[in-house]
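Positions are given from 1 along the sequence.
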Amino acid sequence: MKDICCIGHITLDKIITPEEEFYQNGGTAYYFAYGMNHLPTNVSWQLVTSIAEKDIAVVDKMLEDGIDVLAYPSKDTVFFENKYGTNKNERTQRVLAKSDPFTIAQMEPLEARIFHLGSLLSDDFSNEVVEYLAGKGKVSIDVQGYLREVRGEQVWPVDWKDKKRVLACTDILKLNEYEMEVVTGEKDPRSVARIISSWGVREVVITFGSYGSLIYTNGRYYEIPAYPVRRNVDVTGCGDTFSTGYLYCRSQDMNCLEAGKFAAAMCSLKIEHNGPFDGSLEDILDIIK
């Protein structure tokens with residue numbers, strides 16, 4: 001039995017900024033795995049992904065780095081193009097390839113206290129898959145993929161058709177300031193948190209980029225400021241890094257405020273370079289202090 005099982009597709013990302021263009025692997029699965037791999041082994045965890053045979057080298061590298069990975073075969077690997085303007089909190093996306101959705105049969109061997117679903121596109125996880133996992137442990141969801149519909153190569157923001165069915169069996173939901181309005185139609189974060197909580201979510205985590213985050217659980221709000229960043233290099237994967245730090249702490253029964261601060265510090269360190277978090281526990285604690 002693992003403490004956390006993160007399930008999601010590894011992507012190939014093309015990053016375009018006003019300063020440069022480059023390629024790197026990404027996706028919740030990738031950022032979560034390498035973020036967790038740099039933290040003390042107080043928490044047992046596993047990564048479950050699916051990937052095309054031609055891209056299996058990224059999984060081989062993870063295994064070499066000591067990451068516990070279960071990789072299912074897929075016809076294609078997700079290929080995102082992320083384009084950023086001068087405001088690094090905003091981006092436009094294209095999807096150049098998609099992976100196969102996850103199935104209940106793939107979930108049957110998994111055993112964990114928390115299942116973190118890193119959805120990238122709206123059909124990654126069927127309602128039945130989420131409900132099946134909720135019968136095995138707590139479910140944590142990053143909402144981003146449920147609100148992305150691919151039309152041609154373009155990614156369009158859409159409402160989440162079956163949100164109430166899925167959220168009724170969701171323990172932790174993470175979303176950002178744009179996603180919260182799509183899901184609820186509300187702009188006030190506290191109203192959003194209450195609405196989502198009324199649908200059955202136990203912990204609502206809303207991130208605001210450089211403006212911090214808000215956590216709502218058991219009728220209480222926790223406001224978490226963002227920590228200063230010395231150099232704003234790459235915000236891709238920042239939300240996934242937040243989830244990594246938050247779940248790392250919550251799986252050890254740390255409270256929401258402690259977990260939120262830890263996650264925010266991880267994000268500040270991650271933003272200062274390309275790729276996933278590669279700092280240490282000492283680095284995180286120094287920022288919190």
Side-chain angles (χ1 to χ4, degrees), residues 3-6 8-17 19-49 51 55 57-69 71 77-78 80 82 84 88-89 91 116 118 120 142 144 174 207 209-210 213 224 226-252 254 258-289:
D3 291 317
I4 304 173
C5 179
C6 176
H9 295 117
I10 296 171
T11 71
L12 175 63
D13 292 342
K14 179 180 181 181
I15 310 297
I16 303 172
T17 73
E19 297 80 28
E20 60 181 339
E21 294 185 13
F22 57 93
Y23 292 87
Q24 64 184 28
N25 289 110
T28 296
Y30 188 80
Y31 286 100
F32 185 95
Y34 275 102
M36 287 290 287
N37 208 39
H38 280 83
L39 298 174
T41 56
N42 303 2
V43 175
S44 63
W45 58 279
Q46 180 183 38
L47 175 66
V48 177
T49 191
I51 196 165
D55 299 312
V58 65
V59 173
D60 293 337
K61 179 64 167 61
M62 285 181 160
L63 292 169
E64 289 175 12
D65 291 337
I67 295 172
D68 181 358
V69 188
T77 299
V78 181
F80 274 116
N82 296 317
Y84 296 92
K88 296 293 180 66
N89 287 327
R91 70 181 174 189
H116 180 54
L120 298 177
D142 187 320
Q144 59 180 338
K174 187 220 155 283
T207 58
S210 57
S213 57
I224 316 294
Y227 291 100
V229 174
R230 291 167 295 187
R231 212 164 49 106
N232 193 331
V233 175
D234 178 20
V235 298
T236 304
C238 195
D240 300 320
T241 302
F242 192 99
S243 292
T244 303
Y246 188 78
L247 293 177
Y248 178 79
C249 294
R250 292 296 284 142
S251 66
Q252 299 178 78
M254 296 171 66
E258 293 171 320
K261 288 181 177 180
F262 189 95
M266 276 189 75
C267 287
S268 292
L269 291 165
K270 180 265 163 288
I271 289 171
E272 294 177 352
H273 67 91
N274 292 321
F277 172 83
D278 66 353
S280 67
L281 177 63
E282 290 71 25
D283 295 331
I284 296 168
L285 297 180
D286 282 345
I287 285 183
I288 295 172
K289 290 176 184 176

Chemist: Measuring from atom CG of Asp278 to atom CG of Asn37, what distance do you get when rounded to the nearest 0.5 angstrom?
Modeler: 11.5 Å
Chemist: Can you name the closest pair of heavy atoms from Ser268 and Tyr227 and give their distance?
Modeler: OG-O, 3.0 Å
Chemist: Do you know which two heavy atoms are closest between Cys5 and Val48, and how far apart they sit?
Modeler: SG-CG2, 3.6 Å
Chemist: When you measure from the side chain of Asn42 to the backbone of Gln252, do you find a donor-acceptor pair of N or O atoms at a distance under 3.5 Å?
Modeler: no
Chemist: Would you name the heavy atoms of Lys270 and Pro276 that are closest together and state the gap between them?
Modeler: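 Heavy-atom minimum between the residues: CG-C, 4.2 Å.
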Chemist: Run Tyr246 and Met266 through side chain to side chain contact (heavy atoms under 4.5 Å, CB included) and show every step you take.
Modeler: CA-CA 10 Å; Tyr246 188 78; Met266 276 189 75; over 6 Å; no
Chemist: State, yes or no, whether a side-chain contact exists between Leu47 and Tyr30 at a heavy-atom distance under 4.5 Å.
Modeler: no
Chemist: Just by modelled atom types, is the Thr11 backbone N or O under 3.5 Å from a matching donor or acceptor in the Asn25 side chain?
Modeler: yes
Chemist: How many angstroms lie between atom CD1 of Ile16 and atom CD of Glu21, to the nearest 0.5 angstrom?
Modeler: 4.5 Å
Chemist: What's the separation between atom CD in Gln24 and atom CG in Leu12, rounded to the nearest 0.5 Å?
Modeler: 9.5 Å
Chemist: Is there a donor-acceptor pair closer than 3.5 Å between any side-chain N or O of Tyr248 and the backbone N or O of Pro40?
Modeler: yes
Chemist: Write down the atom of Ile51, the atom of Val59, and the distance for their closest heavy-atom approach.
Modeler: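 So the minimum-distance heavy-atom pair works out to CG2-CG2, 4.0 Å.
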Chemist: Grab the two heavy atoms, one from His9 and one from Ala29, that are nearest each other, plus how far apart they are.
Modeler: O-CB, 3.9 Å
Chemist: When rounded to the nearest 0.5 angstrom, what distance separates CG in Asp3 from CZ in Arg250?
Modeler: 13.5 Å
Chemist: Backbone N or O of Gly35 within a donor-acceptor pair of the Thr244 side chain at under 3.5 Å?
Modeler: no
Chemist: So do Leu247 and Met36 actually touch side chain to side chain, heavy atoms under 4.5 Å?
Modeler: no
Chemist: With sequence neighbours left out, write down each residue that passes side-chain hydrogen bond (donor to acceptor under 3.5 Å, both in side chains) with Thr77, or none if nothing qualifies.
Modeler: Asp55
Chemist: Looking only at atom types and distance, does a side-chain atom of Glu272 sit under 3.5 Å from a main-chain N or O of Arg230, one as donor and one as acceptor?
Modeler: yes
Chemist: Is there a side-chain contact between Glu20 and Asn274 (heavy atoms, below 4.5 Å)?
Modeler: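 When only atoms from C-beta onward are counted, Asn274 and Glu20 do touch, with a gap below 4.5 Å.
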Chemist: Looking at OH of Tyr84 and CD of Glu19, how far apart are the two atoms once the value is rounded to the nearest 0.5 Å?
Modeler: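 Reported value, rounded in 0.5 Å steps: 12.5 Å.
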Chemist: Taking atom types as modelled, find out whether Asp283 and Ser280 have a side-chain donor-acceptor pair closer than 3.5 angstrom.
Modeler: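 The criterion, which ignores hydrogens and geometry beyond distance, is satisfied for Ser280 and Asp283.
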Chemist: Contact between Gln144 and Asp240 at the side-chain level, heavy atoms closer than 4.5 Å - yes or no?
Modeler: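 The answer is yes, as the side chains (C-beta and beyond) meet within the 4.5 Å cut-off.
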Chemist: Testing the basics here: between Ala265 and Ile288, what is the closest heavy-atom pair and its distance to 0.1 Å?
Modeler: CB-CG1, 3.8 Å
Chemist: I'd like to check Ile271 versus Cys238 (side-chain heavy atoms, cut-off strictly below 4.5 Å). Are they in contact?
Modeler: yes
Chemist: Output the distance between atom OG1 (Thr49) and atom CD1 (Ile10), rounded to the nearest 0.5 Å.
Modeler: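 Reported value, rounded in 0.5 Å steps: 4.0 Å.
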Chemist: Taking the six-membered ring for Trp, are Phe277 and His38 parallel (under 30°), tilted (30 to 60°) or perpendicular (over 60°)?
Modeler: perpendicular
Chemist: Is any side-chain heavy atom of Leu281 less than 4.5 Å from a side-chain heavy atom of Phe262?
Modeler: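 Yes, at least one pair of side-chain atoms sits under 4.5 Å.
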